[in-house]
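Computed over heavy atoms, backbone and side chain alike; hydrogens, waters and symmetry mates excluded.
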Amino acid sequence: MGARVARMFRNFNLENRVYREISKEKPQAAPRHAGSVPPPAGGPVGESAETEDVANKKNDPLLTLLKTVYVESTDPAAAETSKDDAAGKESERRPLQFSLPGASYGLVELTDVPKGKLTIAEALKAMSSHHRQPQTMTPEKIAQDYCLDLKDTKALLEFFIPFQVQIIPPKTEGAKQIKAS
């Protein structure tokens, strides 16, 4: 019912509104700029032939000047990356302090690590030794043993907390709990 009423108001006096729109003056287009007018197609044939000749003709003085120009281009970003690659290949490496026993699940076993880096097994070993003996395994000693920065070692010991499981007891007594085995 509402659609019919809306349609009646929409179509009310439609013919008069259409006639009014049609009888309005149409806006005129702005005049074209004199410089942007393309040359007439029926113009003199000789002018277009001359411009083609000038465009296609070799200019000997310009050719000799062009032959004397030699451009040597180098990319500074590529030069920096090649230096970094060479430095990375020749960087000092240290032997592993600790590795996991047994098969490595088909992965290639590492024999050495770049200085300033740790494997997961070494990081876990260093952290566990620090937590067990904080007086003897200080961050300075760990940094010296594994060739790390002291700042990175302190951040590792403070923020890296692996495998910490917390069991939060339920609020209600009737809920099932997992018993420790």
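- Going from atom OG1 of Thr119 over to atom CG of Asp112 covers 11.5 Å, rounded to the nearest 0.5 Å.
- Side-chain atoms of Tyr146 and Lys125, non-hydrogen and from C-beta on, do get closer than 4.5 Å to each other.
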Dump the intermediate steps for side-chain contact (heavy atoms from CB on, under 4.5 Å) on Leu118 and Val113, then the final yes or no.
CA-CA 7 Å; Leu118 285 176; Val113 179; over 6 Å; no
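- In the hydrophobic clustering of this structure, Phe160 groups with Met137; members are Ile, Leu, Val, Met, Phe, Trp, Tyr whose side-chain heavy atoms approach within less than 4.5 Å, directly or through other members.
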Under 3.5 Å, sequence neighbours excluded: what are the donor-acceptor pairs made by side chains of residues 15-27?
unit_1: Asn16; atom_1: ND2; unit_2: Asn13; atom_2: OD1; d: 2.4
unit_1: Arg17; atom_1: NH2; unit_2: Arg10; atom_2: O; d: 2.6
unit_1: Glu21; atom_1: OE2; unit_2: Lys24; atom_2: NZ; d: 3.2
unit_1: Ser23; atom_1: OG; unit_2: Tyr19; atom_2: O; d: 3.1
unit_1: Ser23; atom_1: OG; unit_2: Arg20; atom_2: O; d: 3.1
unit_1: Lys26; atom_1: NZ; unit_2: Ile22; atom_2: O; d: 3.1
unit_1: Lys26; atom_1: NZ; unit_2: Lys24; atom_2: O; d: 3.3

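- Scored by the side-chain hydrogen bond (donor to acceptor under 3.5 Å, both in side chains) test, Ser128 finds Arg132 as partners (sequence neighbours excluded).
- Lys115 pairs by the side-chain hydrogen bond (donor to acceptor under 3.5 Å, both in side chains) definition with Glu92, not counting sequence neighbours.
- Considering only heavy atoms from C-beta on, Thr138 stays 4.5 Å or farther from His130 through its side chain.
- Atom NZ of residue Lys57 and atom CD of residue Glu52 lie 15.0 Å apart, to the nearest 0.5 angstrom.
- Taking the side chain to side chain contact (heavy atoms under 4.5 Å, CB included) definition, one finds that Pro114 meets it with Arg93, Lys117, sequence neighbours left out.
- Few gaps surround CD on Glu140; more than 12 heavy atoms of other groups in view lie less than 6.0 Å from it.
- Residues satisfying the side-chain hydrogen bond (donor to acceptor under 3.5 Å, both in side chains) criterion with Gln135, sequence neighbours excluded, are absent altogether.
- Using a cut-off of 4.0 Å between Lys/Arg side-chain N and Asp/Glu carboxylate O, Glu122 and Arg94 are scored as salt-bridged.
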Without placing hydrogens or testing angles, list every side-chain donor-acceptor pair under 3.5 Å for residues 147-156, not counting sequence neighbours.
unit_1: Thr153; atom_1: OG1; unit_2: Asp149; atom_2: O; d: 2.8

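- Taking every heavy atom of both residues into account, Pro76 and Thr74 meet most closely at CD-O, 3.5 Å.
- Residue Leu62 qualifies as enclosed at atom CG: its count of foreign heavy atoms under 6.0 Å is above 12.
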